[in-house]
2 protein chains.
Amino acid sequence: MSSSNLYKDIDPIYLAVDCIIFGFDGNDLKVLLIKRGFKPEKGKWSLMGGFINKNESVDDGAKRVLLNLTGLGDIFMKQLHVFGEINRDPVARTVSVSYYALINIHDYDNKLVREHEARWFTINKIPDLIFDHGEMISKAIESLKKDVKYSPVRFELLPKKFTLPQLKRLYDCIMGKEHDVRNFSKKILSTGMLIKLNEKDSNSSKKGAFLYRFDKKRYKTLKDEGFLFIS
Amino acid sequence: MSSSNLYKDIDPIYLAVDCIIFGFDGNDLKVLLIKRGFKPEKGKWSLMGGFINKNESVDDGAKRVLLNLTGLGDIFMKQLHVFGEINRDPVARTVSVSYYALINIHDYDNKLVREHEARWFTINKIPDLIFDHGEMISKAIESLKKDVKYSPVRFELLPKKFTLPQLKRLYDCIMGKEHDVRNFSKKILSTGMLIKLNEKDSNSSKKGAFLYRFDKKRYKTLKDEGFLFIS
DNA sequence: CCAAAAGTGTTTCTATTACACCCATGT
DNA sequence: ACATGGGTGTAATAGAAACACTTTTGG
(Lines give C-alpha, C1' and ligand atoms only; values in the text may rest on other atoms or scores of the structure.)
Protein backbone atom coordinates (compact mmCIF):
# COMPACT_ATOMS: atom_id res chain seq x y z
CA MET A 1 0.00 0.00 0.00
CA SER A 2 2.82 2.39 -0.87
CA SER A 3 0.66 5.35 -1.86
CA SER A 4 -2.62 4.65 -0.14
CA ASN A 5 -2.19 7.71 2.02
CA LEU A 6 -3.75 9.52 -0.95
CA TYR A 7 -7.00 8.13 0.40
CA LYS A 8 -6.19 8.79 4.05
CA ASP A 9 -9.32 10.88 4.64
CA ILE A 10 -11.71 8.38 3.10
CA ASP A 11 -14.01 6.25 5.24
CA PRO A 12 -13.42 2.60 4.52
CA ILE A 13 -16.56 0.49 4.59
CA TYR A 14 -17.30 -3.18 5.12
CA LEU A 15 -18.29 -4.76 1.85
CA ALA A 16 -20.24 -8.00 1.77
CA VAL A 17 -21.99 -10.27 -0.70
CA ASP A 18 -25.22 -12.19 -0.18
CA CYS A 19 -26.25 -15.09 -2.38
CA ILE A 20 -29.75 -15.96 -3.43
CA ILE A 21 -29.36 -19.63 -4.26
CA PHE A 22 -32.19 -20.94 -6.41
CA GLY A 23 -33.07 -24.59 -6.87
CA PHE A 24 -35.97 -26.45 -8.45
CA ASP A 25 -37.26 -29.72 -7.02
CA GLY A 26 -39.52 -30.61 -9.94
CA ASN A 27 -42.43 -28.88 -8.34
CA ASP A 28 -41.42 -25.57 -6.82
CA LEU A 29 -38.79 -22.93 -7.21
CA LYS A 30 -36.88 -22.73 -3.95
CA VAL A 31 -34.28 -20.66 -2.18
CA LEU A 32 -31.61 -21.98 0.16
CA LEU A 33 -31.49 -20.14 3.49
CA ILE A 34 -29.29 -20.64 6.53
CA LYS A 35 -29.95 -20.34 10.19
CA ARG A 36 -27.45 -17.75 11.27
CA GLY A 37 -24.86 -19.25 13.57
CA PHE A 38 -23.32 -15.94 14.59
CA LYS A 39 -24.15 -12.47 15.77
CA PRO A 40 -25.94 -10.27 15.04
CA GLU A 41 -29.38 -11.89 14.77
CA LYS A 42 -28.00 -15.31 15.64
CA GLY A 43 -30.58 -18.06 15.13
CA LYS A 44 -32.62 -16.18 12.55
CA TRP A 45 -32.97 -17.14 8.90
CA SER A 46 -30.83 -15.34 6.39
CA LEU A 47 -29.17 -15.56 3.03
CA MET A 48 -25.71 -17.05 2.84
CA GLY A 49 -23.29 -14.18 2.76
CA GLY A 50 -19.81 -13.08 3.61
CA PHE A 51 -17.39 -10.21 3.58
CA ILE A 52 -15.13 -9.43 0.67
CA ASN A 53 -11.46 -9.87 1.41
CA LYS A 54 -8.79 -7.45 0.26
CA ASN A 55 -7.36 -10.04 -2.07
CA GLU A 56 -10.36 -11.22 -4.00
CA SER A 57 -12.65 -9.56 -6.51
CA VAL A 58 -16.27 -9.07 -5.55
CA ASP A 59 -17.35 -11.74 -8.03
CA ASP A 60 -14.82 -14.16 -6.59
CA GLY A 61 -16.09 -13.40 -3.12
CA ALA A 62 -19.57 -14.38 -4.19
CA LYS A 63 -18.23 -17.63 -5.61
CA ARG A 64 -16.38 -18.38 -2.40
CA VAL A 65 -19.52 -17.85 -0.35
CA LEU A 66 -21.46 -20.22 -2.59
CA LEU A 67 -18.70 -22.79 -2.44
CA ASN A 68 -18.60 -22.62 1.35
CA LEU A 69 -22.26 -23.48 1.67
CA THR A 70 -22.82 -25.89 -1.18
CA GLY A 71 -19.44 -27.27 -2.11
CA LEU A 72 -20.19 -26.17 -5.67
CA GLY A 73 -17.72 -24.29 -7.83
CA ASP A 74 -18.02 -23.19 -11.44
CA ILE A 75 -21.65 -22.19 -11.06
CA PHE A 76 -23.44 -19.49 -12.98
CA MET A 77 -23.88 -16.44 -10.75
CA LYS A 78 -25.28 -13.08 -11.62
CA GLN A 79 -24.60 -9.84 -9.85
CA LEU A 80 -27.84 -8.12 -9.00
CA HIS A 81 -27.92 -5.08 -6.81
CA VAL A 82 -26.07 -3.08 -4.20
CA PHE A 83 -27.82 -2.60 -0.88
CA GLY A 84 -26.29 0.45 0.63
CA GLU A 85 -28.61 2.00 3.20
CA ILE A 86 -26.79 3.38 6.21
CA ASN A 87 -28.30 1.26 8.95
CA ARG A 88 -29.03 -1.95 7.14
CA ASP A 89 -26.56 -3.79 9.36
CA PRO A 90 -26.91 -2.77 13.00
CA VAL A 91 -23.33 -3.69 13.88
CA ALA A 92 -21.41 -1.47 11.49
CA ARG A 93 -21.71 0.27 8.17
CA THR A 94 -21.88 -2.60 5.74
CA VAL A 95 -22.77 -2.45 2.09
CA SER A 96 -23.81 -5.68 0.42
CA VAL A 97 -23.90 -6.83 -3.16
CA SER A 98 -26.49 -9.48 -3.97
CA TYR A 99 -25.94 -12.31 -6.44
CA TYR A 100 -28.12 -15.11 -7.58
CA ALA A 101 -26.91 -18.63 -8.27
CA LEU A 102 -28.84 -21.34 -10.07
CA ILE A 103 -28.02 -24.83 -8.94
CA ASN A 104 -29.29 -28.34 -9.39
CA ILE A 105 -31.13 -28.99 -6.16
CA HIS A 106 -29.89 -32.57 -5.90
CA ASP A 107 -26.31 -31.70 -6.50
CA TYR A 108 -24.75 -30.07 -3.48
CA ASP A 109 -22.73 -31.06 -0.46
CA ASN A 110 -25.16 -32.22 2.19
CA LYS A 111 -22.62 -32.16 4.97
CA LEU A 112 -21.87 -28.47 4.48
CA VAL A 113 -25.54 -27.63 4.22
CA ARG A 114 -26.27 -29.48 7.47
CA GLU A 115 -23.41 -27.69 9.21
CA HIS A 116 -25.00 -24.37 8.32
CA GLU A 117 -28.45 -25.60 9.29
CA ALA A 118 -29.60 -24.57 5.86
CA ARG A 119 -33.03 -25.32 4.40
CA TRP A 120 -34.83 -24.90 1.09
CA PHE A 121 -37.87 -22.62 1.12
CA THR A 122 -40.45 -22.36 -1.63
CA ILE A 123 -40.31 -18.83 -2.97
CA ASN A 124 -43.78 -17.89 -1.85
CA LYS A 125 -43.21 -19.22 1.66
CA ILE A 126 -40.09 -17.36 2.68
CA PRO A 127 -39.82 -16.79 6.45
CA ASP A 128 -38.91 -13.47 8.02
CA LEU A 129 -35.30 -12.71 7.31
CA ILE A 130 -32.64 -10.51 8.86
CA PHE A 131 -31.75 -7.06 7.57
CA ASP A 132 -32.93 -6.40 4.02
CA HIS A 133 -32.60 -10.01 2.89
CA GLY A 134 -36.31 -10.23 2.12
CA GLU A 135 -36.02 -7.41 -0.35
CA MET A 136 -32.93 -9.03 -1.82
CA ILE A 137 -34.92 -12.15 -2.57
CA SER A 138 -37.82 -10.24 -4.12
CA LYS A 139 -35.44 -8.40 -6.39
CA ALA A 140 -33.70 -11.62 -7.30
CA ILE A 141 -36.96 -13.31 -8.28
CA GLU A 142 -37.94 -10.29 -10.33
CA SER A 143 -34.58 -10.37 -12.04
CA LEU A 144 -34.70 -14.11 -12.72
CA LYS A 145 -38.14 -13.62 -14.24
CA LYS A 146 -36.79 -11.04 -16.66
CA ASP A 147 -33.64 -12.99 -17.46
CA VAL A 148 -35.43 -16.18 -18.28
CA LYS A 149 -37.51 -14.34 -20.83
CA TYR A 150 -34.60 -13.11 -22.90
CA SER A 151 -31.92 -15.62 -22.32
CA PRO A 152 -33.25 -18.98 -23.47
CA VAL A 153 -33.56 -21.08 -20.36
CA ARG A 154 -31.70 -21.67 -17.15
CA PHE A 155 -30.87 -25.31 -17.58
CA GLU A 156 -28.70 -25.03 -14.52
CA LEU A 157 -31.80 -25.63 -12.46
CA LEU A 158 -32.64 -28.98 -14.00
CA PRO A 159 -30.98 -32.38 -13.98
CA LYS A 160 -29.16 -33.42 -17.17
CA LYS A 161 -32.19 -35.33 -18.36
CA PHE A 162 -35.62 -33.83 -17.88
CA THR A 163 -39.11 -34.01 -19.35
CA LEU A 164 -41.13 -31.31 -21.08
CA PRO A 165 -43.72 -31.20 -18.30
CA GLN A 166 -40.89 -30.59 -15.81
CA LEU A 167 -39.47 -27.80 -17.93
CA LYS A 168 -42.88 -26.23 -18.32
CA ARG A 169 -43.47 -26.43 -14.59
CA LEU A 170 -40.14 -24.65 -14.02
CA TYR A 171 -41.13 -21.84 -16.35
CA ASP A 172 -44.54 -21.60 -14.78
CA CYS A 173 -42.91 -21.22 -11.35
CA ILE A 174 -40.37 -18.64 -12.39
CA MET A 175 -42.76 -16.54 -14.37
CA GLY A 176 -45.66 -16.97 -12.01
CA LYS A 177 -48.10 -18.00 -14.69
CA GLU A 178 -49.38 -21.17 -16.27
CA HIS A 179 -48.25 -21.60 -19.87
CA ASP A 180 -50.35 -23.35 -22.46
CA VAL A 181 -48.90 -26.86 -22.94
CA ARG A 182 -49.14 -26.84 -26.71
CA ASN A 183 -47.80 -23.35 -27.24
CA PHE A 184 -45.01 -24.05 -24.80
CA SER A 185 -43.87 -27.26 -26.48
CA LYS A 186 -44.12 -25.71 -29.90
CA LYS A 187 -42.02 -22.72 -28.97
CA ILE A 188 -39.36 -24.51 -27.03
CA LEU A 189 -38.94 -27.31 -29.54
CA SER A 190 -38.75 -24.78 -32.38
CA THR A 191 -35.57 -23.36 -30.87
CA GLY A 192 -33.75 -26.59 -31.62
CA MET A 193 -32.33 -26.41 -28.15
CA LEU A 194 -33.70 -29.70 -26.90
CA ILE A 195 -32.60 -33.17 -27.90
CA LYS A 196 -35.19 -35.88 -27.44
CA LEU A 197 -33.86 -39.06 -25.91
CA ASN A 198 -35.10 -42.60 -26.32
CA GLU A 199 -35.95 -42.90 -22.66
CA LYS A 200 -39.01 -42.11 -20.65
CA ASP A 201 -39.45 -40.97 -17.11
CA SER A 202 -42.42 -42.64 -15.48
CA ASN A 203 -42.19 -41.11 -12.04
CA SER A 204 -45.12 -38.83 -12.49
CA SER A 205 -47.42 -40.67 -14.84
CA LYS A 206 -48.34 -44.11 -16.03
CA LYS A 207 -47.75 -43.26 -19.63
CA GLY A 208 -44.36 -41.76 -18.89
CA ALA A 209 -42.86 -38.64 -20.46
CA PHE A 210 -39.96 -38.54 -22.85
CA LEU A 211 -36.67 -37.29 -21.49
CA TYR A 212 -34.75 -34.51 -23.20
CA ARG A 213 -31.37 -32.94 -22.78
CA PHE A 214 -30.07 -29.53 -23.77
CA ASP A 215 -28.01 -28.93 -26.85
CA LYS A 216 -25.46 -26.67 -25.20
CA LYS A 217 -23.99 -25.33 -28.43
CA ARG A 218 -27.37 -24.28 -29.75
CA TYR A 219 -28.18 -22.83 -26.34
CA LYS A 220 -25.08 -20.70 -26.45
CA THR A 221 -25.86 -19.45 -29.94
CA LEU A 222 -29.36 -18.40 -28.92
CA LYS A 223 -28.09 -16.76 -25.76
CA ASP A 224 -25.60 -14.72 -27.72
CA GLU A 225 -28.35 -13.64 -30.09
CA GLY A 226 -30.39 -12.34 -27.17
CA PHE A 227 -33.32 -14.34 -28.47
CA LEU A 228 -36.72 -13.60 -26.93
CA PHE A 229 -37.34 -17.02 -25.67
CA ILE A 230 -40.76 -17.26 -24.19
CA SER A 231 -43.56 -14.94 -23.23
CA MET B 1 -19.53 1.93 16.85
CA SER B 2 -20.27 0.21 20.14
CA SER B 3 -20.19 -3.37 18.88
CA SER B 4 -18.21 -3.13 15.70
CA ASN B 5 -15.46 -5.24 17.20
CA LEU B 6 -17.60 -8.15 16.00
CA TYR B 7 -16.16 -7.34 12.62
CA LYS B 8 -12.63 -6.70 13.83
CA ASP B 9 -11.04 -9.25 11.50
CA ILE B 10 -12.79 -7.99 8.40
CA ASP B 11 -10.93 -5.99 5.75
CA PRO B 12 -12.63 -2.67 5.20
CA ILE B 13 -12.61 -1.49 1.61
CA TYR B 14 -12.92 1.86 -0.11
CA LEU B 15 -16.29 2.13 -1.76
CA ALA B 16 -16.90 4.62 -4.55
CA VAL B 17 -19.55 5.56 -7.06
CA ASP B 18 -19.06 6.66 -10.65
CA CYS B 19 -21.73 8.46 -12.62
CA ILE B 20 -22.43 8.09 -16.29
CA ILE B 21 -24.23 11.35 -17.01
CA PHE B 22 -26.19 11.23 -20.26
CA GLY B 23 -27.42 14.25 -22.15
CA PHE B 24 -28.96 14.79 -25.57
CA ASP B 25 -28.26 17.92 -27.58
CA GLY B 26 -30.93 17.32 -30.21
CA ASN B 27 -28.50 15.49 -32.40
CA ASP B 28 -26.35 13.13 -30.41
CA LEU B 29 -26.44 11.21 -27.18
CA LYS B 30 -23.58 12.45 -25.04
CA VAL B 31 -21.74 11.68 -21.84
CA LEU B 32 -20.26 14.24 -19.47
CA LEU B 33 -16.64 13.53 -18.57
CA ILE B 34 -14.21 15.40 -16.36
CA LYS B 35 -10.53 16.04 -16.63
CA ARG B 36 -9.23 14.58 -13.43
CA GLY B 37 -7.79 17.27 -11.19
CA PHE B 38 -6.24 14.89 -8.70
CA LYS B 39 -4.10 11.81 -8.42
CA PRO B 40 -3.94 9.12 -9.57
CA GLU B 41 -4.08 9.66 -13.33
CA LYS B 42 -4.34 13.43 -12.91
CA GLY B 43 -5.14 15.19 -16.19
CA LYS B 44 -6.80 12.19 -17.82
CA TRP B 45 -10.46 11.95 -18.74
CA SER B 46 -12.73 10.09 -16.38
CA LEU B 47 -16.25 9.73 -15.12
CA MET B 48 -17.36 11.92 -12.27
CA GLY B 49 -17.05 9.85 -9.13
CA GLY B 50 -16.48 9.94 -5.44
CA PHE B 51 -16.17 7.90 -2.31
CA ILE B 52 -19.09 6.90 -0.14
CA ASN B 53 -19.05 8.47 3.28
CA LYS B 54 -19.94 6.57 6.42
CA ASN B 55 -23.05 8.66 6.88
CA GLU B 56 -24.73 8.43 3.52
CA SER B 57 -26.34 5.61 1.61
CA VAL B 58 -24.75 4.51 -1.63
CA ASP B 59 -27.65 5.98 -3.62
CA ASP B 60 -27.28 9.27 -1.78
CA GLY B 61 -23.56 9.24 -2.50
CA ALA B 62 -24.30 8.97 -6.19
CA LYS B 63 -26.70 11.89 -5.95
CA ARG B 64 -24.13 13.97 -4.12
CA VAL B 65 -21.54 13.28 -6.82
CA LEU B 66 -23.99 14.33 -9.52
CA LEU B 67 -24.93 17.45 -7.59
CA ASN B 68 -21.29 18.41 -7.14
CA LEU B 69 -20.65 18.38 -10.85
CA THR B 70 -23.90 19.65 -12.30
CA GLY B 71 -25.66 21.49 -9.52
CA LEU B 72 -28.67 19.27 -10.21
CA GLY B 73 -30.62 17.51 -7.48
CA ASP B 74 -33.75 15.36 -7.73
CA ILE B 75 -32.56 13.65 -10.90
CA PHE B 76 -33.42 10.16 -12.02
CA MET B 77 -30.43 7.88 -11.40
CA LYS B 78 -30.18 4.18 -11.87
CA GLN B 79 -27.76 1.87 -10.15
CA LEU B 80 -26.02 -0.29 -12.70
CA HIS B 81 -23.16 -2.49 -11.73
CA VAL B 82 -20.43 -3.12 -9.20
CA PHE B 83 -16.87 -3.05 -10.46
CA GLY B 84 -14.89 -5.05 -8.00
CA GLU B 85 -11.69 -6.33 -9.58
CA ILE B 86 -8.74 -6.29 -7.20
CA ASN B 87 -6.45 -3.93 -9.05
CA ARG B 88 -8.86 -1.65 -10.80
CA ASP B 89 -7.60 1.30 -8.78
CA PRO B 90 -3.80 1.34 -8.54
CA VAL B 91 -3.76 3.34 -5.30
CA ALA B 92 -5.76 1.09 -3.05
CA ARG B 93 -8.43 -1.56 -3.10
CA THR B 94 -11.47 0.35 -4.27
CA VAL B 95 -14.78 -1.06 -5.37
CA SER B 96 -17.02 1.18 -7.41
CA VAL B 97 -20.73 1.19 -8.11
CA SER B 98 -21.78 2.75 -11.40
CA TYR B 99 -24.93 4.79 -11.85
CA TYR B 100 -26.41 6.52 -14.81
CA ALA B 101 -28.18 9.85 -14.72
CA LEU B 102 -30.30 11.36 -17.46
CA ILE B 103 -30.25 15.12 -17.56
CA ASN B 104 -31.39 17.90 -19.79
CA ILE B 105 -28.20 19.00 -21.46
CA HIS B 106 -29.07 22.69 -21.26
CA ASP B 107 -29.97 22.60 -17.65
CA TYR B 108 -26.88 22.38 -15.47
CA ASP B 109 -24.57 24.65 -13.60
CA ASN B 110 -21.97 25.89 -16.05
CA LYS B 111 -19.68 27.27 -13.38
CA LEU B 112 -19.33 23.90 -11.65
CA VAL B 113 -18.78 22.15 -14.94
CA ARG B 114 -16.04 24.60 -15.91
CA GLU B 115 -14.37 24.20 -12.54
CA HIS B 116 -14.10 20.47 -13.18
CA GLU B 117 -12.97 21.02 -16.75
CA ALA B 118 -15.81 18.78 -17.84
CA ARG B 119 -16.86 18.20 -21.43
CA TRP B 120 -19.63 16.41 -23.29
CA PHE B 121 -18.55 13.56 -25.56
CA THR B 122 -20.71 11.89 -28.17
CA ILE B 123 -21.11 8.27 -27.15
CA ASN B 124 -19.26 6.87 -30.10
CA LYS B 125 -16.35 9.24 -29.67
CA ILE B 126 -15.37 8.58 -26.08
CA PRO B 127 -11.66 9.20 -25.38
CA ASP B 128 -9.45 6.82 -23.45
CA LEU B 129 -10.49 6.79 -19.84
CA ILE B 130 -8.86 5.88 -16.55
CA PHE B 131 -9.34 2.54 -14.82
CA ASP B 132 -12.37 0.61 -16.04
CA HIS B 133 -14.43 3.70 -16.84
CA GLY B 134 -14.64 2.76 -20.50
CA GLU B 135 -16.31 -0.49 -19.62
CA MET B 136 -18.62 1.35 -17.25
CA ILE B 137 -19.81 3.52 -20.09
CA SER B 138 -20.36 0.59 -22.44
CA LYS B 139 -22.42 -1.18 -19.83
CA ALA B 140 -24.39 1.98 -19.15
CA ILE B 141 -25.25 2.44 -22.82
CA GLU B 142 -26.28 -1.19 -23.07
CA SER B 143 -28.44 -0.78 -20.04
CA LEU B 144 -30.04 2.44 -21.25
CA LYS B 145 -30.81 0.71 -24.52
CA LYS B 146 -32.67 -2.05 -22.71
CA ASP B 147 -34.43 0.28 -20.30
CA VAL B 148 -35.75 2.55 -22.98
CA LYS B 149 -37.37 -0.40 -24.66
CA TYR B 150 -39.47 -1.46 -21.72
CA SER B 151 -40.00 1.69 -19.79
CA PRO B 152 -41.76 4.11 -22.12
CA VAL B 153 -39.31 6.89 -22.74
CA ARG B 154 -36.70 8.86 -20.90
CA PHE B 155 -38.20 12.29 -21.10
CA GLU B 156 -35.56 13.47 -18.69
CA LEU B 157 -33.26 13.88 -21.67
CA LEU B 158 -35.47 16.32 -23.52
CA PRO B 159 -36.61 19.87 -22.85
CA LYS B 160 -40.20 20.32 -21.64
CA LYS B 161 -41.38 20.99 -25.18
CA PHE B 162 -40.00 18.93 -28.00
CA THR B 163 -40.89 17.81 -31.50
CA LEU B 164 -41.51 14.32 -32.84
CA PRO B 165 -38.42 14.43 -35.06
CA GLN B 166 -36.34 15.28 -31.98
CA LEU B 167 -37.83 12.41 -30.03
CA LYS B 168 -37.25 10.01 -32.90
CA ARG B 169 -33.66 11.17 -33.20
CA LEU B 170 -33.17 10.49 -29.49
CA TYR B 171 -34.50 6.97 -29.84
CA ASP B 172 -32.39 6.39 -32.93
CA CYS B 173 -29.30 7.44 -30.98
CA ILE B 174 -30.03 5.38 -27.91
CA MET B 175 -30.97 2.26 -29.79
CA GLY B 176 -28.37 2.64 -32.48
CA LYS B 177 -30.83 2.21 -35.33
CA GLU B 178 -32.95 4.39 -37.55
CA HIS B 179 -36.67 4.00 -36.90
CA ASP B 180 -39.26 4.36 -39.61
CA VAL B 181 -40.88 7.80 -39.21
CA ARG B 182 -44.41 6.60 -39.74
CA ASN B 183 -44.19 3.56 -37.54
CA PHE B 184 -42.50 5.58 -34.87
CA SER B 185 -45.14 8.31 -34.78
CA LYS B 186 -47.95 5.80 -34.86
CA LYS B 187 -46.59 3.82 -31.98
CA ILE B 188 -45.64 6.69 -29.75
CA LEU B 189 -48.84 8.63 -30.33
CA SER B 190 -50.89 5.49 -29.67
CA THR B 191 -49.57 5.39 -26.12
CA GLY B 192 -51.43 8.58 -25.34
CA MET B 193 -48.31 9.79 -23.62
CA LEU B 194 -47.78 12.88 -25.75
CA ILE B 195 -49.81 16.04 -25.74
CA LYS B 196 -49.72 18.07 -28.93
CA LEU B 197 -49.30 21.78 -28.39
CA ASN B 198 -50.44 24.61 -30.59
CA GLU B 199 -46.90 25.79 -31.18
CA LYS B 200 -44.31 24.92 -33.71
CA ASP B 201 -40.57 24.83 -33.54
CA SER B 202 -39.02 26.17 -36.71
CA ASN B 203 -35.38 25.83 -35.81
CA SER B 204 -34.73 22.91 -38.05
CA SER B 205 -37.12 23.37 -40.94
CA LYS B 206 -39.07 25.97 -42.81
CA LYS B 207 -42.37 24.25 -42.28
CA GLY B 208 -41.74 23.88 -38.58
CA ALA B 209 -42.60 20.86 -36.44
CA PHE B 210 -45.31 20.74 -33.83
CA LEU B 211 -44.19 20.78 -30.24
CA TYR B 212 -45.37 18.16 -27.77
CA ARG B 213 -45.07 17.66 -24.08
CA PHE B 214 -45.31 14.53 -21.98
CA ASP B 215 -48.41 13.56 -20.09
CA LYS B 216 -46.65 12.57 -16.87
CA LYS B 217 -49.60 10.72 -15.37
CA ARG B 218 -50.04 8.56 -18.43
CA TYR B 219 -46.28 8.05 -18.54
CA LYS B 220 -46.31 6.78 -14.98
CA THR B 221 -49.16 4.39 -15.67
CA LEU B 222 -47.37 2.89 -18.66
CA LYS B 223 -44.11 2.66 -16.76
CA ASP B 224 -45.80 0.76 -13.94
CA GLU B 225 -47.35 -1.60 -16.45
CA GLY B 226 -43.91 -2.40 -17.84
CA PHE B 227 -45.24 -1.69 -21.28
CA LEU B 228 -43.07 -2.72 -24.23
CA PHE B 229 -42.67 0.66 -25.65
CA ILE B 230 -40.78 0.49 -28.89
CA SER B 231 -38.79 -2.06 -30.82
C1' DC C 1 -61.93 -50.32 -17.79
C1' DC C 2 -60.83 -46.13 -15.92
C1' DA C 3 -58.10 -42.45 -13.97
C1' DA C 4 -54.24 -39.53 -14.81
C1' DA C 5 -50.87 -37.36 -17.25
C1' DA C 6 -48.59 -36.93 -22.09
C1' DG C 7 -48.70 -35.37 -26.48
C1' DT C 8 -50.12 -33.03 -30.61
C1' DG C 9 -52.51 -28.73 -35.00
C1' DT C 10 -55.28 -25.22 -36.49
C1' DT C 11 -57.40 -20.81 -36.35
C1' DT C 12 -57.77 -16.09 -34.70
C1' DC C 13 -55.93 -12.09 -33.51
C1' DT C 14 -52.59 -8.69 -32.62
C1' DA C 15 -48.26 -6.38 -33.38
C1' DT C 16 -44.51 -5.33 -36.40
C1' DT C 17 -42.64 -4.17 -40.63
C1' DA C 18 -42.24 -2.25 -45.15
C1' DC C 19 -43.21 1.21 -48.09
C1' DA C 20 -44.14 6.62 -50.95
C1' DC C 21 -46.33 10.70 -51.55
C1' DC C 22 -48.16 15.42 -50.48
C1' DC C 23 -47.65 19.58 -47.39
C1' DA C 24 -45.96 24.01 -45.69
C1' DT C 25 -42.80 27.50 -45.81
C1' DG C 26 -38.48 30.50 -46.14
C1' DT C 27 -35.41 31.84 -49.45
C1' DA D 1 -40.35 27.94 -57.96
C1' DC D 2 -37.76 25.01 -55.42
C1' DA D 3 -35.38 22.84 -51.71
C1' DT D 4 -35.97 21.14 -47.14
C1' DG D 5 -37.79 18.75 -43.59
C1' DG D 6 -42.74 17.53 -41.62
C1' DG D 7 -46.47 14.74 -41.68
C1' DT D 8 -49.56 10.92 -42.82
C1' DG D 9 -52.15 5.41 -44.20
C1' DT D 10 -52.37 0.78 -45.93
C1' DA D 11 -51.13 -3.88 -46.96
C1' DA D 12 -48.21 -8.02 -45.86
C1' DT D 13 -46.12 -10.76 -42.51
C1' DA D 14 -44.87 -12.89 -38.31
C1' DG D 15 -45.63 -14.06 -33.74
C1' DA D 16 -48.68 -14.93 -29.80
C1' DA D 17 -52.82 -16.69 -27.93
C1' DA D 18 -56.78 -19.51 -27.68
C1' DC D 19 -58.59 -23.78 -27.90
C1' DA D 20 -59.87 -29.96 -27.25
C1' DC D 21 -59.20 -34.36 -28.23
C1' DT D 22 -56.52 -38.85 -28.52
C1' DT D 23 -52.90 -41.81 -26.50
C1' DT D 24 -50.78 -44.73 -23.09
C1' DT D 25 -50.61 -47.57 -19.23
C1' DG D 26 -50.62 -48.94 -14.19
C1' DG D 27 -53.85 -50.08 -11.09
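Chain identifiers are assigned alphabetically (A, B, ...) following the order of the sequence lines, protein sequences preceding nucleic acid strands; residue numbering begins at 1 within each chain.
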Quiz item: Just checking Ser202(A): base, sugar-phosphate only, or nothing, at a heavy-atom cut-off of under 4.0 Å?
Solution: nothing

Self-check item: Residue mapping more 5' on DNA chain D - nearest nucleotide basis, Asn183(A) or Lys186(B)
Solution: Lys186(B)

Quiz item: Rounded to the nearest Å, what distance is computed from the CZ atom of residue Phe210(A) to the P atom of nucleotide dT24(D)?
Solution: 10 Å

Self-check item: Short N-O contact, Asp74(B) and Lys63(B), less than 4.0 angstrom
Solution: no

Quiz item: dA18(D) C1' sits how many Å from Glu178(A) CD, rounded?
Solution: 14 Å

Exercise. Round to a whole Å and report the spacing from NZ of Lys168(A) to P of dA5(C).
Key: 13 Å

Exercise. Between Ser185(A) and Ser205(A), just flag the one whose closest nucleotide in DNA chain C comes earlier from the 5' side.
Key: Ser205(A)

Self-check item: Cationic N near anionic O, under 4.0 Å, Lys30(A) to Asp25(A)
Solution: yes

Quiz item: Could you state the CD-P distance from Gln166(B) to dG5(D), rounded to the nearest angstrom?
Solution: 14 Å

Self-check item: Sugar-phosphate, base or nothing in reach of Thr163(A), heavy atoms under 4.0 Å
Solution: nothing

Practice problem: Run the salt-bridge test on Arg64(A) and Asp60(A) with the 4.0 Å N-O cut-off and return the result as yes or no. | Solution: no

Quiz item: If you measure from the Lys or Arg side-chain nitrogens to the Asp or Glu carboxylate oxygens, is any gap between Glu178(B) and Lys168(B) under 4.0 Å?
Solution: yes

Exercise. Nearest whole angstrom, please: distance from the C1' of dT8(C) to the CD1 of Ile188(A).
Key: 16 Å

Exercise. Indicate whether the side chain of Ser96(B) and that of Asp18(B) have a donor and an acceptor atom separated by less than 3.5 Å.
Key: yes

Quiz item: What about Lys207(A), does its side chain sit under 3.5 Å from the base of dA6(C) through a donor-acceptor pair?
Solution: yes

Practice problem: Find the distance Asp180(A):CG to dT12(C):C1' and express it as a whole number of Å. | Solution: 14 Å

Exercise. Name the residue closer to the 5' end of DNA chain C, choosing between Arg182(A) and Lys206(A) according to the nucleotide with the nearest heavy atom.
Key: Lys206(A)

Exercise. To the nearest Å, give me how far apart CZ (Phe184(A)) and P (dA16(D)) are.
Key: 14 Å

Quiz item: Should Lys187(A) be listed as having a side-chain N or O under 4.0 Å from OP1 or OP2 of dA16(D)?
Solution: yes

Self-check item: Spacing of His179(A) atom NE2 relative to dA17(D) atom P, expressed in whole Å
Solution: 8 Å

